[in-house]
Number of protein chains: 2
Amino acid sequence: MADPQHLTPAGRRVVAAADELFYERGITAVGVALIAEHSGVTKRTLYNQFGSKDRLVAAYLTERDERWRALVRATVEACDDPVEAVTAPFAALRTWARTSSRGCAFINALAELPDPADPARRVAVDQKVWLLSLFEELSAAADRPEPAALARQLLVLHEGALTTLPLPLETLDATVDLARSLVTAAAPPGR
Amino acid sequence: MADPQHLTPAGRRVVAAADELFYERGITAVGVALIAEHSGVTKRTLYNQFGSKDRLVAAYLTERDERWRALVRATVEACDDPVEAVTAPFAALRTWARTSSRGCAFINALAELPDPADPARRVAVDQKVWLLSLFEELSAAADRPEPAALARQLLVLHEGALTTLPLPLETLDATVDLARSLVTAAAPPGR
DNA sequence: GTCGATGTTCACCGATCAGTATACTTGAGG
DNA sequence: CCTCAAGTATACTGATCGGTGAACATCGAC
């Protein structure tokens, strides 16, 4: 049911409204009635499609995750240089930030949903694990030594830039520069 | 009213209960009745002391901020070497993380309280601004060139480590190492 | 000995919450 | 023509939410 391919047109509009409202105003603070209203759909239809608010939240995070991964993949594939590709997620972050001024939706979800059994937590944690292994793959492909350690550093930088986004501190450019220098400083071995 | 010095004994117990419950379970998810119960205080007393939930939230964040700043200051002052002192907030973070497995309370609060006029947002933003200028002061005192740029990098690293804390990724040690190398790599000028 | 601050007890308010019941409409496919 | 799925309209439930009113207890200070 979390698969947007299997959703009806009304279901897709519900997820779109949930995406905007949950992200902008917070998950707990937004009621299902408001989402139904914004998507031009009856509350009954919403429940026929998703069954519960928890599952709607999971669908919201899943859809956002898929959009984010698609953007990152496209940015990576647009890079000719494998060294440049390692920092492609940071370039994607700059694009992403234009419409996401409230920080990371997944970190925010973890903040609001402390229950370890909540299915939405899986989605959020999986996203970070995915990004970490992507950094590692890209580092290895760019012939960096110790790609795992570099990937950890890049992930922390990425999360730092993402979470300071709602703060008026303008940290994005400085972070991208630092990430680039970390990657280039980690020279290929045996030169 | 947010000053813990002016609080009555009952008021202090309320803040202590709010500190635990708001942080562990989220601000919106925890009702005032639950906080009153956990602090052994009547809901009436809670409202006599704080007036509204918003103000209690602000008091909770203020108290947590003061505790955090005191820890950082103590850690900084325990350093003999001014270069080592620049990364003292990261050492403090390691201590802090032992009791804070749910990430940064201030980032979490920003996630839950999207209203720009919310007084609690000021507290959260001010904390990050304070940390940024502390990094800058310490960098300047350690004779680093471009202390402002270094401070930005350190803040992003710090927030990255803090927000990945609830994730099972073990990023803290790697982050502290990277922070140290950034500080030592920024050699004093004119040597 | 009284007075004000601190706190308790407990009932109460209107609003909102997630979720459900029932009956009706619409439109495409066989 | 009929059927079935998708969706609408509306009213409803029980619980919980933040917040209030009013009367009473305790106790140190002047």
Side-chain angles (χ1 to χ4, degrees), chain A residues 1-19 21-22 24-61 109 111-115 117-121, chain B residues 1-22 24-61 109 112-115 117-121:
Chain A
M1 77 223 55
D3 195 338
Q5 251 70 356
H6 300 162
L7 286 179
T8 65
R12 273 189 286 271
R13 272 186 297 154
V14 169
V15 173
D19 188 26
L21 290 169
F22 280 154
E24 290 299 331
R25 308 191 195 180
I27 294 171
T28 317
V30 168
V32 290
L34 186 65
I35 291 177
E37 185 187 336
H38 269 66
S39 49
V41 149
T42 312
K43 211 166 62 157
R44 185 79 251 198
T45 300
L46 189 155
Y47 273 93
N48 283 342
Q49 291 287 324
F50 299 97
S52 73
K53 185 181 181 180
D54 283 343
R55 291 224 282 270
L56 175 57
V57 171
Y60 144 62
L61 289 178
E112 290 204 67
L113 310 171
D115 181 8
D118 198 310
R121 287 188 72 90
Chain B
M1 78 222 55
D3 195 338
Q5 252 70 357
H6 300 163
L7 287 179
T8 65
R12 273 188 286 271
R13 271 186 297 155
V14 169
V15 173
D19 188 27
E20 188 186 327
L21 291 169
F22 280 155
E24 291 299 331
R25 308 192 196 178
I27 294 172
T28 316
V30 168
V32 292
L34 186 65
I35 291 177
E37 185 187 337
H38 270 66
S39 50
V41 150
T42 312
K43 210 167 61 158
R44 203 69 184 89
T45 301
L46 189 155
Y47 273 93
N48 283 341
Q49 291 287 323
F50 299 97
S52 72
K53 186 182 179 179
D54 283 344
R55 291 224 283 270
L56 175 58
V57 171
Y60 143 63
L61 289 178
E112 291 203 67
L113 310 171
D115 181 8
D118 198 310
R121 286 187 73 89

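In what follows, every heavy atom counts, from backbone to side chain, and hydrogens, waters and symmetry copies are set aside. Quick note on labels: first sequence line is chain A, next is B, and so on, each numbered from 1.
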For A:D19, check side-chain hydrogen bond (donor to acceptor under 3.5 Å, both in side chains) against everything at least two apart and list the hits.
A:R64, A:R67
With sequence neighbours excluded, residues passing side-chain hydrogen bond (donor to acceptor under 3.5 Å, both in side chains) with A:T28:
A:E112
For a side-chain contact (heavy atoms from CB on, under 4.5 Å) check, start with the C-alpha distance between B:F50 and B:V32, then their side-chain angles and the critical distance, and finish with the verdict.
CA-CA 11 Å; B:F50 299 97; B:V32 292; over 6 Å; no
Candidate nucleotides D:dG7, C:dG7, D:dT8, ranked by approach to the side chain of A:Q49 - the nearest
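Nearest listed nucleotide: D:dG7.
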Are any of A:T45's side-chain N or O atoms less than 4.0 Å away from OP1 or OP2 of D:dG7?
no
Between A:T8 and D:dA5, does any side-chain N or O lie under 4.0 Å from OP1 or OP2?
no
Check nucleotides 15-19 of chain D against the protein and report each pair of N or O atoms closer than 3.5 Å, with its distance, or say if there are none.
unit_1, atom_1, unit_2, atom_2, d
D:dG18, OP1, B:K53, NZ, 2.6
D:dG18, OP2, B:V32, N, 3.0
D:dG19, OP2, B:Y47, OH, 2.9
D:dG19, OP2, B:K53, N, 2.7
D:dG19, O5', B:Y47, OH, 3.4
D:dG19, N7, B:K43, NZ, 2.9
D:dG19, O6, B:K43, NZ, 2.3

Provide the full list of side chain to side chain donor-acceptor pair (under 3.5 Å) pairs with a residue in residues 29-41 of chain A, sequence neighbours left out, each pair given once.
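Counting only pairs at least two positions apart or across chains, no side chain to side chain donor-acceptor pair (under 3.5 Å) contact touches residues 29-41 of chain A.
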Is a side-chain N or O of B:T42 found less than 3.5 angstrom from the main chain of B:T45, in a donor-acceptor match?
no
Backbone N/O of B:P114 and side chain of A:R25: donor-acceptor pair under 3.5 Å
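Side chain of A:R25 to backbone of B:P114: no pair is present.
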Nearest-Å distance for atom pair [atom1]/[atom2], residues [X] and [N]:
X     : N      : atom1 : atom2 : result
A:R25 : C:dC17 : CZ    : P     : 11 Å
B:E37 : C:dC10 : CD    : P     : 15 Å
A:F50 : C:dA18 : CZ    : C1'   : 16 Å
A:L21 : C:dC17 : CG    : P     : 12 Å
A:N48 : C:dC24 : CG    : P     : 18 Å
A:R55 : C:dA18 : CZ    : P     : 16 Å

Side chain to side chain contact (heavy atoms under 4.5 Å, CB included) partners for A:A111, two or more places apart:
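Checked A:A111 against side chain to side chain contact (heavy atoms under 4.5 Å, CB included); matches are B:N108.
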Taking protein heavy atoms under 4.0 Å as touching, what does nucleotides 23-29 of chain D look like 5' to 3' if B marks base contact, S marks sugar-phosphate-only contact and - marks none?
-------
Rounded distance (nearest 0.5 Å) linking atom OG1 of A:T8 with atom CG of A:N48
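So the OG1 of A:T8 and the CG of A:N48 are separated by 9.5 Å.
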With rounding to the nearest 0.5 angstrom, report the CD1 to CZ distance, A:I35 to A:F22.
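Going from CD1 on A:I35 over to CZ on A:F22, the span is 3.5 Å.
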